[in-house]
Number of protein chains: 2
Amino acid sequence: MKYDQLKLENQLCFPVYAASRLITREYQPYLDELEITYPQYLVLMILWEKDEMPVNDIAKKLILNTNTITPLLKRMETQGLVNRERSKEDERKVIVKLTEIGNELKEKAVLIPERLASQLLEGPMGVEELIRLKEDLGKIINHLLRK
Amino acid sequence: MKYDQLKLENQLCFPVYAASRLITREYQPYLDELEITYPQYLVLMILWEKDEMPVNDIAKKLILNTNTITPLLKRMETQGLVNRERSKEDERKVIVKLTEIGNELKEKAVLIPERLASQLLEGPMGVEELIRLKEDLGKIINHLLRK
DNA sequence: TGTGATTTAGTCTCCTGCGATATAATTATG
DNA sequence: CATAATTATATCGCAGGAGACTAAATCACA
């Protein structure tokens, strides 16, 4: 059939798109407990690893534009999770850092990856396959970023 | 280190999330030519394969809620890509079908998957690996939908 | 030193994506 | 037949995500 490549099932794009939403959905109940959203969780993970980062560094790590990250960070500031203040050295930069509350969330969040991992492992894929999947996606991400 | 599992790089979720956005971004220039968005393209692919579907069937295929798909379809109707009309047999149903214009877009769209595929194949992964990746994601999607 | 380019954030606007809820049509059941 | 449950779609409100653009600070270099 001439248009076979236009079938949804034959494309890589759709599974990536669908899996992304389904995985986010899977996080939802755990994130609800902490009263944060999935992108907020990603920001927190970055800051837990290295506190005090300029907006742009966070955007780069998450591969997001500043017009996405700025309102996100503002909402997080309103919720009392982070502080935002201009850098003294370079006044173009806004340094984002965790509040006490943001820092304390780490203790509760530490269980989330374990729970997710065990949920995924209930499925047909083993640890090695999931790691390979992660690495394969990493290859695609690097390839697309390189251009 | 106690919190290693909270590092961004150690989680599967983030690569899926990032790859999804990057791939969509890769489609953008091609979709811009057709003046459609990525989710609109997904809807069209479904209708190109089987025209005249109720809203709910489209939503299920795309794993989207009706509150996402309804405004999407309305915008597509405004753009003249599809028609929406209530089913005679079951008046709860709204049947979505392609317009002449929506149908003709198929001819132009047929090149998109080829272009995307060749772009991905410029990267470090071969056809077999990409197919395996698609299947692995399919396994995860099925597992998460099953629950 | 001055000025044009670059960097960094932010704003505006539009399109998703979804939880909660509403409404109307249909089906199931006592 | 009546009404409760289910199904199909839509609405409301909020949080992303991104393109196009603006503004301010800093940098590069003639």
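None of these values were measured; they are calculated from a predicted model. What's counted below: heavy atoms across the whole structure, side chains too, no hydrogens, waters or symmetry copies. Within every chain, numbering begins at 1; the chains are lettered A, B, ... in the order of the sequence lines, protein sequences first and strands thereafter.
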**Report entry** First of A/E89 and B/P71 reached from the 5' end of DNA chain D, by closest nucleotide
**Finding:**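 Checking each residue's closest nucleotide, the 5'-ward one belongs to B/P71.
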
Between [X] and [N], is there a side-chain N or O to OP1/OP2 distance below 4.0 Å?
X     : N      : answer
B/T70 : D/dA10 : yes
B/T37 : C/dT16 : yes
B/R84 : D/dA8  : no
A/N56 : C/dT8  : yes
A/Y38 : D/dA15 : no
A/R86 : D/dA25 : no
B/K74 : D/dT11 : yes

Query raised in the report: Does one side chain, of A/E35 or A/Q79, offer a donor that lies under 3.5 Å from an acceptor on the other?
Result: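 No, no side-chain donor-acceptor contact under 3.5 Å.
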
Query raised in the report: side chain to side chain contact (heavy atoms under 4.5 Å, CB included) with B/K61: which of B/I46, B/I69, B/N56?
Result: B/I46

Listed nucleotide nearest any side-chain atom of [X], set [options]:
X     : options                : answer
B/R75 : C/dT8, C/dG10, C/dC15  : C/dC15
A/D90 : D/dG16, D/dT26, C/dG17 : D/dT26
B/E91 : D/dG16, C/dA25, C/dA9  : C/dA25

Round to the nearest Å and state the distance from [X] atom [atom1] to [N] atom [atom2].
X     : N      : atom1 : atom2 : value
B/L62 : C/dC18 : CG    : C1'   : 15 Å
A/Q40 : D/dC14 : CD    : P     : 15 Å
B/E77 : D/dA10 : CD    : C1'   : 14 Å
B/L42 : C/dC15 : CG    : P     : 17 Å
B/L72 : D/dT9  : CG    : C1'   : 14 Å
B/Y27 : C/dT16 : OH    : C1'   : 17 Å
A/L73 : D/dA15 : CG    : C1'   : 14 Å
A/M76 : D/dG16 : CE    : C1'   : 13 Å

Select base, sugar-phosphate, or nothing to describe what [X] touches, counting heavy atoms under 4.0 Å on all strands.
X     : value
B/Q28 : nothing
A/I69 : nothing
B/T66 : base

Query raised in the report: Quick one: the side chain of B/N67 and the base of C/dG19, do they pair up donor-acceptor inside 3.5 Å?
Result: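 Pair found.
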
Query raised in the report: D/dT7 base to B/R92 side chain: any donor-acceptor pair below 3.5 Å?
Result: yes

**Report entry** Cluster check A/L144, A/L137: I/L/V/M/F/W/Y, side chain < 4.5 angstrom
**Finding:**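 Cluster IDs for A/L144 and A/L137 match.
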
**Report entry** Geometric class of the B/Y27/B/Y38 ring pair [parallel <30°, tilted 30-60°, perpendicular >60°]
**Finding:**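 Answer is tilted, since the angle falls between 30° and 60°.
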
Report task. Might you point out which heavy atoms bring B/I141 and B/I63 nearest each other, and give the distance in Å? Result ->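 The pair with the smallest heavy-atom distance is CG2-CD1, 3.9 Å.
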
Report task. For A/V94 and for A/R25, find the nucleotide of DNA chain C with the closest heavy atom, then tell me which residue's nucleotide is more 5'. Result -> A/V94

Report task. Could you tell me whether B/R21 sits above the aromatic face of B/Y17, with NZ or CZ closer than 6.0 angstrom to the six-membered ring centre and within 45 degrees of the axis? Result -> yes

